[in-house]
Number of protein chains: 2
Amino acid sequence: MEQELPIFESVFSVDCVIFGFEEGVLKVLLIERNEPPFKDWWALPGYLVEPNEGIDEAAQRILFKFTGLKDIFLEQLYTFGDVDRHPQGRLITIAYYAMMRLNGKKDLKPSSAFVKKAFWCPVSDVPQLAFDHTQIFEKSLQKIRRKISYSPIAFELLPEKFTLTQLQNLYEAILNKKLDKRNFRKKMLNYGILKELNEKQQGVSYRAAAYYKFDRRKYNKLFQKELSFMKEDDAGH
Amino acid sequence: MEQELPIFESVFSVDCVIFGFEEGVLKVLLIERNEPPFKDWWALPGYLVEPNEGIDEAAQRILFKFTGLKDIFLEQLYTFGDVDRHPQGRLITIAYYAMMRLNGKKDLKPSSAFVKKAFWCPVSDVPQLAFDHTQIFEKSLQKIRRKISYSPIAFELLPEKFTLTQLQNLYEAILNKKLDKRNFRKKMLNYGILKELNEKQQGVSYRAAAYYKFDRRKYNKLFQKELSFMKEDDAGH
DNA sequence: TTCTCTTAGTGTAGCACTTACACCTTATAT
DNA sequence: ATATAAGGTGTAAGTGCTACACTAAGAGAA
């Protein structure tokens, strides 16, 4: 004979750390809050998950409502649950992160009254954020620093066509250190996962660089999942 | 004028995946449940977090109550929150994992009526577990497979003094493939993080092996945090 | 048309690390 | 003494990393 079991009701939130890359600068997507607590503060886009909603789905939905961005591939980062992280009581939050192309997509259109605006902020200029969002942001920065050295996430941040110099600039921005041009190109081209296009830069006042694109087919064939991209050094000064 | 804000009440759980190594076999710590749902099933040790309890602390407390183990260094793995993962409603769970030495510590003493018994199960013999615990277990196995190649976690599983063969057996058990003896030893000794002791195996009926211990001081000096331990190959075995 | 400016693009030598591979040594048990 | 069982060792070939400096191409100015 089975006894009746209590029904649980969970309340928790998700927060999204979205990275973009533009004009050689790594940026993160922030919102300005329009409601207390932390009204008028800058924060990561995030909100409560609905009771019958998968967590990944919730992250997608909330990101869309708060910023207008859709179909971003979000991955779980970490769950933050300090007892006092939220002034309204014990509220844990599951942090997600993603990288995205910024070419053109400047039209951030929040459709939630909780958000005054959404905007891209250079990672080097991020101020103190609401709640524990500074901590969350920093943890995700560490995550992508590590991840870029074993996974081809860089290509998610660049436009379809890019030059090797742009690619190198992105690596340098994420790793926060200079890389050797010749070695970088040699290594990248050696992997055999870049396809050179019959197309060069237009309208530049110097020698035009060749465009490349990421060859995902070859990448998948070569490596089931990942490979070692950049030697992980001690520290990126 | 500030309006009154609602107070949140979170209900969620933690689950622990604890690995041990004994007689050349990698094992995971399981419990047999004594309460519904999934009464009599095998499961990972895990339970609800208290409202005013940090998540890490909760993991420690619950692990102790369910198994008698104390002062284990637990790290967060992932948060699982499928809407239907728990029959009593929406209950998300934060999974933790850890490695520990098994020398002697066979005295698993649950002090909770929820647990019939706690025991070590070879990872290759783990059956279908309660809830989504099979999924959680598999994700943590992947995690330590990756982690052993850039972090000295192996030494947490071995006794203080160990032979190089034991160390190699452990790597082979976790990575699930054979390694070359000479290369393995060369590499390990080259790191300079092992200290050879003036002591050999006793009571073996063959040539006694030298004991080593992990030199954490040298390790910390050499690498701020991590290093590349084992080349990560394509697939196991 | 020539000159200047700016970035694109290229090669090599030394070193360190990885891999593949087979035999002798040491201790115990019979 | 002999068999058994694991411990312990070296080398050569190949691969990948690092450091490093000049020429090539294109645009714009003079």
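So that the names make sense, note that chain A is the first sequence line, chain B the second, and so on, each numbered from 1.
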Return the residues of residues 204-212 of chain B meeting this criterion: a heavy atom under 4.0 Å from some atom of DNA chain D. Order them by number, or give none. B/Tyr206, B/Arg207, B/Ala208, B/Ala209, B/Ala210

dist B/Arg185:CZ -> B/Thr165:OG1 (nearest 0.5 Å) comes out at 5.0 Å

Just to be sure I understand the rule, does B/Asp180 reach a base, reach only the sugar-phosphate, or reach nothing, if contact means heavy atoms closer than 4.0 Å? base

Under 4.0 Å: is that the gap between some side-chain N or O of A/Lys187 and OP1 or OP2 of D/dC17? yes

Distance from B/Ile136 atom CD1 to B/Thr79 atom OG1, nearest 0.5 Å? 9.5 Å

Donor/acceptor link under 3.5 angstrom from B/Lys186 side chain onto base of C/dT19: yes

How long is the line joining NZ of A/Lys178 and P of D/dC20, in whole Å? 16 Å

Are more than 12 heavy atoms from other residues, nucleotides or ligands located less than 6.0 Å from atom NZ of A/Lys65? no

Listing, residues 154-161 of chain B side-chain donor-acceptor contacts under 3.5 Å, not counting sequence neighbours, or none:
residue  : atom : partner  : partner atom : Å
B/Lys161 : NZ   : B/Glu199 : OE1          : 3.1
B/Lys161 : NZ   : B/Glu199 : OE2          : 3.2

At under 4.0 Å, does any side-chain N or O of B/Arg185 touch on OP1 or OP2 of D/dG8? yes

What is the distance from CD of B/Glu196 to C1' of D/dG7, rounded to the nearest Å? 12 Å

For B/Lys186 and B/Asn183, test the side chains for any donor-to-acceptor distance below 3.5 angstrom and give the result as yes or no. yes

Any side-chain heavy atom of A/Val126 sitting closer than 4.5 Å to one from A/Trp42? no

I need the NZ-P distance between B/Lys200 and C/dT25, as an integer number of Å. 15 Å

Can you list every stem that DNA chain D is part of, counting only runs of 3 or more consecutive Watson-Crick or G-U wobble pairs with both distances under 3.5 Å? C:1-30 with D:1-30

A/Asn183, nearest nucleotide to its side chain (from C/dG9, D/dG10, D/dA19): D/dA19

Among B/Asp15, B/Asp56, B/Ile62, B/Leu77, side chain to side chain contact (heavy atoms under 4.5 Å, CB included) partner for B/Tyr96: B/Asp56

Tell me if the centroids of the rings in B/Phe80 and B/Tyr78 come within less than 6.0 Å of each other. yes

